[in-house]
Amino acid sequence: MEPTTSRRNICVVGAGAAGLPSIRHALLYGFNVVCYEAQSELGGLWRFNPEDTECNYLWVFVIDYRCSDSCVMRSTVINTSKEFTAYSDFPPLPEEPNFMHNSRMLNYLKAYADHFKLTDHIQFEHKALSISRADKYDASGQWDVRVQNMKSSEITTTRFDGVLHCTGHHALPYSPALFPGQETFPGRVMHAHDYKDWRGFENQTIVVVGVGNSGCDIAVELSRVAKQVHLVSRRGTWVYNRIYNYGRPVDCTRYTRLNAAIKEVVPHSIAAASVRKQLNFRFDHELYGLKPKHDVMGAHPTINDELPNRIANGSIRVRPQINRFNGTTVHFEDGSMTEGVDTVILSTGYTVSFPEIESGELIKVDNNQVDLFQYVFPMCLPHDSLGIIGLIQPFGSIIPIAEMQARLVLAAIAGEDKMPVKTEREAIMSRKAAEMSKRYVQSRRHTVQVDYLPYMDELASLIGCDVPAWYTHLPHDQTMARLTLTAPHTAYFYRLSGPHAWDGAREAIMGIEERISRAFNSNHLKATAQSATKISPGLFLVIAAILFVLLVVS
C-alpha cells in the first residue's frame, strides 16, 4: 500500500460536473488531491459518446449490473440557464447561449478545469474498483481505494483521509417488469440510456414509455423522422418552458430572494393555482392528454419547449399506460391500440447503487431511498470523511448544488463545518422524508428531491458561507441590497463570504444581466432585457420597506 503524507489526502472518484469542483475546492483547502477517472477525458455525462453502449437487458424489476459510459444524447441542451448552471467562481462567457448545447457545456467544463489547472490532479483511464474503510477507521476515518489502470491493468491500493464519490446516478438503467404478452413482441426494446440520436429510426412506429425529460426529448426528436411516435404517460406531467415572459430564462425569473420571500407568505394552494394557470395558458394539459392528478409542485418538472407543437401536429400521440402486447400490436389501458410497432424505448429512470463502496453493503438502497444526511453523508458512519456528491434531483440546477455538497464534505474533513450531532441529523432527515412524502407523488424518482434555494441555504449554513441578508447591504451598498433581493440567485452569492470567499463574486453578480443579454448576439446593446432586477429605486424602497416590516413582525 502506498504511504500517505502528513497533509490530508483526498480522493475524488469521477471527473465530471461534480468531480471537477470537488478537486477545485480540495485544492483551496490545501489538501493533496487525486481524481480517478475511468474514461480518457473529463466531462462525465456531458461528454457525448457516439459509440454504441446498449446493454442486453434482463427484464426484471432492477437490472443488476452497470452500463458503462453514460452520456447525453447528441442533441441534448441544458435545462437550466447558463447562469444557474455555472460554478460559483467561474461565470460563463457572455456570448454563450443561455441554454447551452451539450458540446458547449463540455467546453465550459474543460475551460473550468484548464483555468484552475485541475487536470494536473486527474488520473485518466484509472477506474476505482473498491472503496473500503481502512484499518483503524474508527480512529482515523480513513479509506482505502483500490484502483485499476485501464491501460496496463495494474491494480494499486491507496489510503486517503477523505473520499468524494462523484459518479452520478445515471449508470444503472431501470426497467419495469414485462408487460403482458411482451415476449411476443419481435421488435427492438431499448432504454433511453442507450439512445444517441435519430439515425436508424426513420419511418418507424415508435412507442416511448415515460414523460420525464429524457422521454419527451426523445419523442420530440424522433417525431421529425418517424412514421408515428406514441408517448406513453402513466400519470401525466406538467410541462415547463425554458423561456419565461419577455424571453428570459425561466430560472432567472423564478429563483430570486424576493420570490422566495413571497412564497413563504403566500398559501401553497394559491401559489400552485397561479403556476397551473401559467402552464395551462401555454397549452391546456387536459386537452393534450398530459394533465396529471398530482399537484403542480408534486413531481419533478418536465422541461420541453417543443412537445405541445409536436402533439398538435399529430406526430406525437399521447397514450395511457401499456395494457399488453400482441406481436407488433401494443394495446393501451384506455382500449386503444397501435399496430406495426417497430421499437419501444423505455425512459423509466435509473437505479441508485454504490457497488464499489464496500461491495454495495455500506450504503443500503431500498427502491432508490438512501440513508444519507443531506443526501451526502452515510448516516451509519461515525466520520464525515466519505461524501456522495450529486445524488439529488433538484428543482433547479444540479451542478452548483454538487459544488456546494463538495464544499460541505471538504469543510467537514478540514474540521471547519457546523454539522449537527447524530440525533439532530436523524430528526432533520425524518422531517425531510415526511415533507417529501406529503408533497410528491410516490415514485422511485422522488426520493432525493430538493428545491434549489432552500437546499443551497441549508448547505451554506453548515459550511459557514451564508448569503448576507439583503438589508445588511442597505447602509453601504444599495446596489447589492437590490441585487441580493431581486437578481437571479446564482452560486456566486455563496462566495461573498465564508470559507474561500471570492473577490470576484460581486462583479459576477453585477454582470448577470449583461451576460444574459449578450447571449442573443446583442453586442452593441447594454443589458436591456426585461428583468426582475430592473426595479426603479422608488419601487425597490417600497418593496424593501414592506419586507422589512414583515421580517420584524415575524
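No experiment lies behind these values; they were computed from the predicted model shown. Sequential numbering from 1 along the given sequence is applied to the chain's residues.
In this structure, Leu290 CG and Arg235 CZ are separated by 14.0 Å, a value rounded to the nearest 0.5 Å. Here the CD-SG distance, from Gln39 to Cys71, works out to 10.0 Å after rounding to the nearest 0.5 Å. Taking OG1 from Thr486 and CG from Leu258, the interatomic distance works out to 7.5 Å, rounded to the nearest 0.5 Å. Between the OG atom in Ser517 and the CZ atom in Arg248 there is a gap of 8.0 Å [rounded to 0.5 Å]. Taken from CG in Leu222 to CD1 in Ile316, the straight-line distance is 8.5 Å, to the nearest 0.5 Å. With rounding to the nearest 0.5 Å, the separation of CD in Gln405 from CD1 in Ile388 is 9.5 Å.
Nearest heavy-atom pair, Asn259 versus Arg254, reported as atom, atom and distance to 0.1 Å: ND2-O, 3.1 Å. In terms of heavy atoms, Val208 sits closest to Ile218 at CG2-CG2, 4.4 Å. Scanning all heavy atoms of the two residues, the minimum distance from Met419 to Leu408 falls at SD-CD1, 3.9 Å. Scanning both residues, Leu42 and Arg47, for their nearest heavy atoms gives O-CD, 3.5 Å. Taking each heavy atom of Pro308 and Tyr288 in turn, the nearest pair found is O-CE2, 3.3 Å. Nearest heavy-atom pair, Gly390 versus Ile398, reported as atom, atom and distance to 0.1 Å: O-CD1, 3.5 Å.
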### Message
I'd like to know whether Ser81 forms a side chain to side chain donor-acceptor pair (under 3.5 Å) with Asn98, so could you lay out the CA-CA distance, the side-chain angles of the two residues, the decisive distance to 0.1 Å, and finally the verdict.
### Response
CA-CA 5 Å; Ser81 69; Asn98 284 308; over 6 Å; no
### Message
As a quick check of understanding, evaluate side chain to side chain contact (heavy atoms under 4.5 Å, CB included) for Met510 and Thr479, giving each step before the final call.
### Response
CA-CA 9 Å; Met510 296 285 288; Thr479 298; 3.6 Å; yes
### Query
Yes or no on side chain to side chain contact (heavy atoms under 4.5 Å, CB included) for Leu164 and Val13, after CA distance, side-chain angles and deciding distance?
CA-CA 6 Å; Leu164 286 81; Val13 180; over 6 Å; no
### Query
When you look at Phe90 and Tyr112, which way does the ring pair (Phe, Tyr, Trp, His ring centres under 6.0 Å) test go after all the steps?
CA-CA 7 Å; Phe90 199 67; Tyr112 177 77; 5.7 Å; yes
### Query
For Tyr29 and His500, what are the C-alpha separation, side-chain angles and deciding distance, and is it a ring pair (Phe, Tyr, Trp, His ring centres under 6.0 Å)?
CA-CA 8 Å; Tyr29 273 99; His500 313 119; 4.4 Å; yes
### Task
Take Asn79 and Asn213, measure what side chain to side chain contact (heavy atoms under 4.5 Å, CB included) needs, and give me the verdict at the end.
CA-CA 9 Å; Asn79 284 334; Asn213 288 308; 3.7 Å; yes
### Task
Give the C-alpha distance, both sets of side-chain angles, the deciding distance and a yes or no for ring pair (Phe, Tyr, Trp, His ring centres under 6.0 Å) between Phe116 and His25.
CA-CA 10 Å; Phe116 294 114; His25 287 279; 8.7 Å; no
### Message
Go through it in stages, so that I can follow the logic: the residues are Val239 and Arg282, the test is side chain to side chain contact (heavy atoms under 4.5 Å, CB included), and I'd like the CA-CA distance, side-chain angles, deciding distance and then a yes or no.
### Response
CA-CA 10 Å; Val239 181; Arg282 180 182 170 224; 3.8 Å; yes
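Using a distance-only test at 3.5 Å, with no hydrogens or angles considered, no donor-acceptor pair links the side chain of Ser497 to the main chain of Pro468. Gln478 contributes a side-chain N or O that, together with a main-chain N or O of Leu474, makes up a donor-acceptor pair within less than 3.5 Å. Side chain of Thr85 to backbone of Thr80: a donor-acceptor contact under 3.5 angstrom is found. With hydrogens and angles ignored, the 3.5 Å screen pairs no side-chain donor or acceptor of Lys82 with any backbone N or O of Pro97. A donor-acceptor pair under 3.5 Å is absent between the side-chain atoms of Glu416 and the main chain of Ala411, judged by distance alone. For the pair Asn102 (side chain) and Arg74 (backbone), a donor-acceptor distance under 3.5 Å is present. For Tyr240 (side chain) and Ile243 (main-chain N/O), no donor-acceptor pair under 3.5 Å exists by modelled atom type. Judged by distance alone, with hydrogens and angles left aside, the side-chain atoms of Trp238 form a donor-acceptor pair with the main-chain N or O of His294 at under 3.5 Å. Of the possible donor and acceptor atoms, none in the side chain of Asn241 sits under 3.5 Å from a partner among the backbone N and O of Ile303. Although no hydrogens or angles enter the test, the distance criterion places a donor-acceptor pair under 3.5 Å between the side chain of His476 and the main chain of Thr472.
Counting heavy atoms from C-beta on, the side chains of Ser88 and Pro400 never come closer than 4.5 Å. Proximity of Met105 to Thr76: side-chain heavy atoms (C-beta onward) are nowhere separated by under 4.5 Å. Between Ile509 and Leu496, some side-chain heavy-atom pair lies under the 4.5 Å cut-off. The side-chain heavy atoms of Trp470 and Arg257, taken from C-beta on, include no pair separated by under 4.5 Å. The side-chain heavy atoms of Arg515 and Pro91, taken from C-beta on, include a pair separated by under 4.5 Å. Annotation: side chain of Arg276 is in contact with side chain of Asp295 (closest heavy-atom distance under 4.5 Å). Tyr108 places none of its side-chain heavy atoms less than 4.5 Å from the side chain of Leu93. Taking the side chain as every heavy atom from C-beta outward, Phe354 and Val370 approach each other to under 4.5 Å.
Taking a 6.0 Å sphere around CG of Asp503, one finds it holds 12 or fewer heavy atoms contributed by other residues, nucleotides or ligands. Taking a 6.0 Å sphere around NZ of Lys432, one finds it holds more than 12 heavy atoms contributed by other residues, nucleotides or ligands. Surrounding CD of Glu286 are at most 12 heavy atoms belonging to other residues, nucleotides or ligands under 6.0 Å away. By the 6.0 Å contact criterion, CD on Glu507 is open, its count of non-hydrogen atoms from other residues, nucleotides or ligands being 12 or less.
Taking the six-membered ring where tryptophan is involved, the planes of Tyr375 and Tyr455 are tilted, since the angle between them lies from 30° to 60°. Using a 30° and 60° split on the angle between ring planes, Tyr255 and Phe84 fall in the perpendicular class, above 60°.
Remark: aromatic rings of Tyr350 and Tyr174 are distant, center separation not under 6.0 Å. In this structure, His285 has its ring center closer than 6.0 angstrom to the ring center of Phe283.
Salt-bridge formation is not detected for the pair Glu306/Arg310: no Lys NZ or Arg NE/NH1/NH2 atom is positioned less than 4.0 Å from an Asp or Glu carboxylate oxygen. Using a cut-off of 4.0 Å between Lys/Arg side-chain N and Asp/Glu carboxylate O, Asp284 and Lys291 are scored as not salt-bridged. Taking the charged nitrogens against the carboxylate oxygens, Asp417 and Arg407 have no contact shorter than 4.0 Å, which rules out a salt bridge. Using a cutoff of 4.0 Å between basic side-chain nitrogens and carboxylate oxygens, Glu95 and Arg104 are not scored as salt-bridged. Taking a cutoff of 4.0 Å between a charged side-chain nitrogen and a carboxylate oxygen, Arg506 and Asp477 qualify as a salt bridge.
Side-chain contact of Ser315 with Asn313: a donor-acceptor pair under 3.5 Å is present, judged by distance alone. There is a side-chain donor-acceptor pair under 3.5 Å between Glu221 and Tyr195. Inspection of the Tyr494 and Glu403 side chains reveals no N or O donor paired with an N or O acceptor under 3.5 Å.
With a 6.0 Å cutoff to the six-membered ring centre and a 45° limit on the axis angle, Arg439 counts as a cation-pi contact of Phe395.
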